[in-house]
Undergrad: 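Below is one structure. I have some questions about it.
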Amino acid sequence: MTSASGIGSWPGTDIRETLRLVRDTLTSLGDAEGDRADREERVPGSVSGLPYLPELPQRGPGADVVGRGAGLLVGLPVDLQPSGWRFVDRPGRDAARTAALLGEDLDELAEAYDGWTGRLKVQVAGPWTLAASVWMPRGERVISDEGASRDLVASLAEGVRLHLATVRRLVPGADVVLQVDEPSLPAALAGRLPTASGYGVVRALDPQVALDGLEAVLAVAGEARGEAVIHCCAPGIPLPLLRRTGADLATDISLLSPRGWEGVAVGVEEGMTLYAGCLPTAGPTPRPQAVVDGLVARWHELGMPLASLAGVVVTPACGLGELTPEAALSVHQACIDTAKELSERAVD
């Protein structure tokens, strides 16, 4: 069945209200004060909705994807410096604020999804985006140091394990889907990350090392038989490497080259689910029919059966954190309308 979901970030600072909007848009929960016993993970109509825990970066440091990811690290305390998050000897106020924001979000998640049974997505920063964004005490990116990178990967994997366990405890009926965000991975693999001085670049990340790190974090979802998806919305997405992880793929499809589409087709044939970021987050929202026409045409070019489009998850091209709440809600609704149109067209 065709699905609709979001990437993660939302505008605003009110997590309770945002959770309600995401929940009610992507599910048939109805009145939050009504009977919760018969809730279904279904958008009215012919598509399913995949709800998720939204991120509100406008609340400040610690609420963004990197700050939240740094806060999940176990045994590697961080604090916020002018250059960004940096390893320190002991956690300080910034780490405490990050933990408090996540704790608030999880408390509200438990209330919003009381009695929920079905899939529920959570997002975390991937190991290489985090290693590219967090700094060593001496002032270089963690990713520039092989030993520090290994420590970060292991620490993040343990932090994600604890995070998922908490979500499952708070929402015991949830089938948790883990989304690993890796916007910095293409730059890391291509050796395009600047050094602290800005006059050089960090040595390109070895693809096998990148694969090992991704698999270490993704394995956490598999330990509980959960689903995992890698989200990358940067140009040059390394599709062959990501397919080797066995995870599903979320990406801005407007960035895919013809060769990239061929890689997607191979992945879908191998059982990968495509989270198609086909609703732009800037400019006018296209009509669902126009979006689906483009997907169907691409599928024909690839020689793929239209029936396989039924497994696509329709999402925005990227996060919605820079939009107004009204615009974010409009994009979400457009995802649902597009998924409905796609469901009707996904026939041979």
Side-chain angles (χ1 to χ4, degrees), residues 1-14 17-28 43-52 54-59 64-65 121 123 179 181 183 186 229 231-237 249-258 260-261 264 273-302 306 309-346:
M1 178 180 289
T2 312
S3 302
S5 190
I7 295 302
S9 65
W10 266 73
T13 58
D14 187 338
E17 175 63 12
T18 305
L19 269 166
R20 184 191 66 79
L21 285 172
V22 170
R23 180 196 67 191
D24 291 351
T25 305
L26 289 172
T27 71
S28 59
V43 174
S46 59
V47 301
S48 64
L50 174 54
Y52 58 95
E55 301 158 350
L56 304 181
Q58 290 179 4
R59 289 186 294 178
D64 60 298
V65 63
K121 182 165 69 72
Q123 305 80 221
Q179 176 181 306
D181 292 320
V229 54
H231 169 238
C232 183
C233 57
I237 178 172
L249 172 68
T251 191
D252 177 354
I253 62 172
S254 71
L255 300 177
L256 291 174
S257 64
W261 274 109
V264 167
T273 295
L274 172 64
Y275 287 62
C278 52
L279 275 300
T281 57
T285 301
R287 294 181 299 108
Q289 184 176 0
V291 176
V292 173
D293 284 346
L295 279 170
V296 169
R298 181 64 70 176
W299 236 238
H300 276 307
E301 292 172 4
L302 294 168
L306 285 183
L309 278 171
V312 168
V313 182
V314 177
T315 75
C318 202
L320 306 175
E322 296 184 1
L323 303 182
T324 64
E326 295 76 17
L329 189 59
S330 177
V331 172
H332 246 230
Q333 185 59 53
C335 287
I336 294 169
D337 295 340
T338 301
K340 289 180 179 180
E341 177 74 19
L342 184 60
S343 179
E344 295 174 0
R345 301 273 293 278

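Remember, it's a predicted structure, so these values are computed and weren't measured experimentally.
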Undergrad: Using modelled atom types only, decide if a donor and an acceptor are shared between the side chain of Ser330 and the backbone of Glu326 within a distance under 3.5 Å.
TA: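 No: the side chain of Ser330 does not pair with the backbone of Glu326.
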Undergrad: Can you give me the closest heavy-atom contact between Val312 and Ala276, atom names plus distance?
TA: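 Of all heavy-atom pairs spanning Val312 and Ala276, the closest is CG1-CB, 3.8 Å.
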Undergrad: Side-chain contact, heavy-atom cut-off 4.5 Å: Tyr275 with His231?
TA: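 Not in contact.
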Undergrad: Any non-hydrogen side-chain atom of Arg345 less than 4.5 Å from a side-chain atom of Leu309?
TA: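 Heavy-atom side-chain distance check fails, nothing below 4.5 Å.
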Undergrad: Are the side chains of Leu19 and Arg23 in touch, meaning some heavy atoms are under 4.5 Å apart?
TA: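 When only atoms from C-beta onward are counted, Arg23 and Leu19 do not touch, as no gap falls below 4.5 Å.
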Undergrad: Find the distance between OG1 (Thr25) and CG (Leu329) and round it off to the nearest 0.5 Å.
TA: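 Between atom OG1 of Thr25 and atom CG of Leu329 there are 4.5 Å.
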Undergrad: Hey, does Pro286 have a side-chain heavy atom less than 4.5 Å from the side chain of Val291?
TA: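 Yes, close enough: below the 4.5 Å cut-off.
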Undergrad: When rounded to the nearest 0.5 angstrom, what distance separates CG in Leu279 from OG1 in Thr338?
TA: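 Those atoms lie 4.5 Å apart.
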Undergrad: So which atom in Pro288 and which in Glu341 form the shortest heavy-atom distance, rounded to 0.1 Å?
TA: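 For Pro288 versus Glu341, the nearest heavy atoms are O-CG, 4.2 Å.
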Undergrad: Heavy atoms only: give me the nearest Pro186-Ala234 pair and the separation to one decimal.
TA: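 That would be CG-CB, 4.0 Å.
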Undergrad: Working to the nearest 0.5 Å, report the span between CZ of Arg298 and SG of Cys278.
TA: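 Reported to 0.5 Å precision, the distance equals 13.0 Å.
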Undergrad: Under the 3.5 angstrom rule, does the side chain of Lys121 hit a backbone N or O of Gly6 as a donor-acceptor pair?
TA: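 The answer is yes, because a donor-acceptor pair under 3.5 Å joins these two groups.
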Undergrad: What heavy-atom pair brings Ala310 and Ala346 nearest, and what distance separates the two atoms?
TA: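 Looking at all heavy atoms of both residues, the shortest contact is N-CB, 3.6 Å.
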Undergrad: Can any side-chain N or O of Ser9 pair as donor or acceptor with the backbone N or O of Glu55 at less than 3.5 Å?
TA: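 Looks like no, no N/O pair under 3.5 Å.
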Undergrad: Taking side chain as C-beta onward, heavy atoms only, is Leu302 less than 4.5 Å from Val264?
TA: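 No, their side chains stay 4.5 Å or more apart.
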Undergrad: Measure the CD1-OG distance between Ile336 and Ser3 for me, rounded to the nearest 0.5 Å.
TA: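 Those atoms lie 11.0 Å apart.
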Undergrad: Give me the atom names and distance for the closest heavy-atom approach of Ala317 to Thr281.
TA: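 Distance-wise, the nearest heavy atoms are N-CG2, 4.2 Å.
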Undergrad: Give, for atom OG of Ser5 and atom NE2 of His332, the distance between the pair rounded to the nearest 0.5 Å.
TA: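 It comes to 6.5 Å.
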Undergrad: Would Leu249 and Ile237 count as a side-chain contact (heavy atoms from CB on, under 4.5 Å) here? Give the steps.
TA: CA-CA 10 Å; Leu249 172 68; Ile237 178 172; 3.5 Å; yes
Undergrad: Evaluate the side-chain contact (heavy atoms from CB on, under 4.5 Å) criterion for residues Cys318 and Asp252: first the C-alpha distance (whole Å), next the side-chain angles of each, then the deciding distance (0.1 Å), finally the verdict.
TA: CA-CA 7 Å; Cys318 202; Asp252 177 354; 5.9 Å; no
Undergrad: Nearest 0.5 Å please: distance from the OG1 atom of Thr18 over to the CG atom of Leu56.
TA: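 One gets 4.5 Å once the value is rounded to the nearest 0.5 Å.
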Undergrad: Would you indicate whether the side-chain heavy atoms of Val296 and His300 approach each other to under 4.5 Å?
TA: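 Counting from C-beta outward, His300 and Val296 do come under 4.5 Å.
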Undergrad: Might you point out which heavy atoms bring Ile7 and Pro316 nearest each other, and give the distance in Å?
TA: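 Taking Ile7 first and Pro316 second, the nearest heavy atoms are CG1-O, 3.7 Å.
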Undergrad: Does atom CD (Glu322) have a neighbourhood of more than 12 heavy atoms from anything else shown, all under 6.0 Å?
TA: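 Counting neighbours around CD of Glu322, 12 or fewer heavy atoms of other residues, nucleotides or ligands fall under 6.0 Å, so no.
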Undergrad: Do Val229 and Val313 come within less than 4.5 Å of each other through their side chains, counting heavy atoms only?
TA: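 Val229 vs Val313: side chains apart.
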